[in-house]
A.B. asks: 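One structure, as structure tokens, below. Some questions next.
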Amino acid sequence: MQGHPDGFGVHYRAMSETLYDLHAHTTASDGSLSPAELVQHAKLCATDVLAVTDHDITAGIREAQQVGREVGVCIVPGIEISVTWSAQTIHIVGLHIDPEDPQLLHGLEELQAFRCWRAEEIGRRLEKAGISGAYEGACRYANGKIISRTHFARFLVEQGRARDTRQVFTRYLVNNKPGYVPGRWATLAQALAWIHAAGGIAVLAHPARYRMTATKLRQLMGEFRELGGIALEVVSGSHSSDDMQHFAKVSRQMNLYASRGSDYHGPEQSYADPRRLPFLPASCHPLWESDLWKACAEHAA
Ligand code: AMP
Ligand code: MN
Ligand code: MN
Ligand code: MN
């Protein structure tokens, strides 16, 4: 394989290599493409294996699998579970889950209920800050599906309160801003237990996004591994090239496999398009080469 021309040591794939994108969203949560559209887009990006990993819901998976069979993209059923760990929100991706597993669905119901309450609370807080109709506006964007801060962000952009969703987050939706409501999500142990009950494997999503010290992050990864987590998202649409190189090294040190996911939310969102996502650095142990992955893939076939 050739080195990346930018000199980051990120590798292009060989022509024969399978292209994996193990993190993406649909309209079942805060993506802007329907499951069918997401799969069509993955096909355009030459993705061979696509994991559908909506926030706290599995509702988009069946449609994606159906279209995947039609167009020739292998769909991995997945989930991105919101977790509160050490007073911070972190995300755990579950892959090869059974989307109908009762224990998983029961756990997710709690998170969905919290999302409904939080959305109303965000609406009330924004109202106090002089922005009316945000709850109704966000609901319109969520369109009966799971509601997320992203839907508030889209509404506030529409209202001219910020130039893009990223700016909405920094102005309104993060800690110390008027529309911020602290998360009360699953525990790390619960998230892993639900994923394992559903026959899946757990990946720690986009580690570079967490605002914690290196020591704290190591503690998180240690607990994650003790609970049976096996991989770290090394290549993510929200990681810089430096982040990818750094977490490639960390994944080896921590004895975790490496995953690769665009975290695609649709064409107008802020993270990288899957087409621009680098391949895993050559030094990593790809998750799809693990025995657990192979066992899951065989089971699904
Ligand atoms: P929630 O799970 O409802 O709290 O919303 C979190 C989602 O908001 C993430 O999955 C991202 O899609 C999006 N998000 C979080 N931070 C930002 C940001 N700074 N800019 C744009 N989108 C963001
Ligand atoms: Mn999201
Ligand atoms: Mn995430
Ligand atoms: Mn995501």
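Just so you know, ligand 1 is whichever comes first in the structure, and atom 1 is the first atom listed for that ligand.
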A.B. asks: I'd like to check Arg62 versus Glu100 (side-chain heavy atoms, cut-off strictly below 4.5 Å). Are they in contact?
C.D. replies: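 When only atoms from C-beta onward are counted, Glu100 and Arg62 do touch, with a gap below 4.5 Å.
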A.B. asks: Just do the salt bridge (charged side-chain N to carboxylate O under 4.0 Å, His left out) check on Asp273 and Arg275 with the steps written out, would you?
C.D. replies: CA-CA 5 Å; Asp273 188 272; Arg275 266 170 286 217; 3.2 Å; yes
A.B. asks: Is it the case that ligand 1 has an N or O less than 3.5 angstrom from some N or O of His265?
C.D. replies: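 Yes; at least one N/O pair falls below 3.5 Å.
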A.B. asks: Give the atom name of whichever N/O/S atom in Asp30 sits closest to the Mn ion (ligand 2).
C.D. replies: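 It is OD2 of Asp30.
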A.B. asks: Measure His55 to ligand 1 on non-hydrogen atoms and call it side chain, backbone, both or neither using the 4.0 Å cut-off.
C.D. replies: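 His55 to ligand 1: side-chain contact only, backbone stays beyond 4.0 Å.
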A.B. asks: Got more than 12 heavy atoms from elsewhere within 6.0 Å of CG, Asn175?
C.D. replies: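 Check passes, neighbour count above 12.
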A.B. asks: Would you say Ser82 and ligand 1 have an N/O pair spaced under 3.5 Å apart?
C.D. replies: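 Between Ser82 and ligand 1, no N or O pair is found under 3.5 Å apart.
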A.B. asks: Hey, does Ile92 have a side-chain heavy atom less than 4.5 Å from the side chain of Ile79?
C.D. replies: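 They are not in contact (no side-chain heavy atoms under 4.5 Å apart), so the answer is no.
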A.B. asks: When you compare the side chain of Pro35 with that of Val67, does any pair of heavy atoms fall below 4.5 Å?
C.D. replies: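 Result no, sub-4.5 Å side-chain heavy-atom pair not found.
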A.B. asks: Does a side chain donor of either Thr47 or Asp21 reach within less than 3.5 Å of an acceptor in the other side chain?
C.D. replies: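 No - no donor-acceptor pair under 3.5 Å links their side chains.
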A.B. asks: Let me have the donor-acceptor pairs involving side chains of residues 215-227, under 3.5 Å, with sequence neighbours excluded, atom names and distances please.
C.D. replies:
unit_1: Lys216; atom_1: NZ; unit_2: Ser86; atom_2: OG; d: 2.9
unit_1: Arg218; atom_1: NH2; unit_2: Gln253; atom_2: OE1; d: 3.0
unit_1: Gln219; atom_1: NE2; unit_2: Glu223; atom_2: OE2; d: 3.4
unit_1: Glu223; atom_1: OE1; unit_2: Trp85; atom_2: NE1; d: 2.9
unit_1: Arg225; atom_1: NH1; unit_2: Met254; atom_2: O; d: 2.3

A.B. asks: Can you find an N or O of Arg149 that's nearer than 3.5 Å to an N or O of ligand 1?
C.D. replies: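 Yes: some nitrogen or oxygen of Arg149 is under 3.5 Å from one in ligand 1.
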A.B. asks: Which ligand 1 atoms does Arg118 reach within 4.0 Å, using its non-hydrogen atoms?
C.D. replies: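 Ligand 1 atoms under the 4.0 Å threshold to Arg118: 1 (P), 3 (O), 4 (O).
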A.B. asks: Specify whether an N/O/S atom of His265 falls short of 2.8 Å from the Mn ion (ligand 2).
C.D. replies: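 Looking at His265, which is the residue asked about, there is an N, O or S atom under 2.8 Å from the Mn ion (ligand 2).
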A.B. asks: Using the ring of each side chain (for Trp, its six-membered ring), is Tyr264 parallel, tilted or perpendicular to His41, with breaks at 30° and 60°?
C.D. replies: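 Taking His41 first and then Tyr264, their aromatic rings lie parallel (interplane angle under 30°).
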A.B. asks: No waters, cut-off 2.8 Å: how many protein N, O or S atoms are close to the Mn ion (ligand 3)?
C.D. replies: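 My tally for this metal is 3.
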A.B. asks: When you compare ligand 1 with Thr150, is there at least one nitrogen or oxygen pair between them that comes in under 3.5 angstrom?
C.D. replies: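 Yes, since at least one N or O of Thr150 sits under 3.5 Å from an N or O of ligand 1.
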A.B. asks: Would you mind telling me if ligand 1 is within reach of the side chain of Arg115, the backbone, both or neither, using heavy atoms under 4.0 Å?
C.D. replies: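 Arg115 to ligand 1: side-chain contact only, backbone stays beyond 4.0 Å.
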A.B. asks: Is the cationic atom of Arg260 (NZ for Lys, CZ for Arg) positioned less than 6.0 Å from the six-membered ring centroid of Trp288 and within 45 degrees of its normal?
C.D. replies: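 Relative to the ring axis of Trp288, which defines the angle, Arg260 lies outside at least one limit.
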A.B. asks: At under 4.0 Å between heavy atoms, is it the side chain or the backbone of Ile147 that contacts ligand 1, or both, or neither?
C.D. replies: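 None of Ile147 does.
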A.B. asks: Determine whether the aromatic ring centres of residues Trp194 and His106 are separated by less than 6.0 angstrom.
C.D. replies: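 No, ring centres 6.0 Å or more apart.
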A.B. asks: Can you name the atoms of ligand 1, numbered from 1 with element, that are less than 4.0 Å from a heavy atom of Asp30?
C.D. replies: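 So the atoms of ligand 1 that pass are 7 (C), 10 (O), 12 (O).
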A.B. asks: For the residue pair Phe247 and His239, does the interplanar ring angle fall in the parallel (under 30°), tilted (30 to 60°) or perpendicular (over 60°) class?
C.D. replies: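 Correct class here is parallel.
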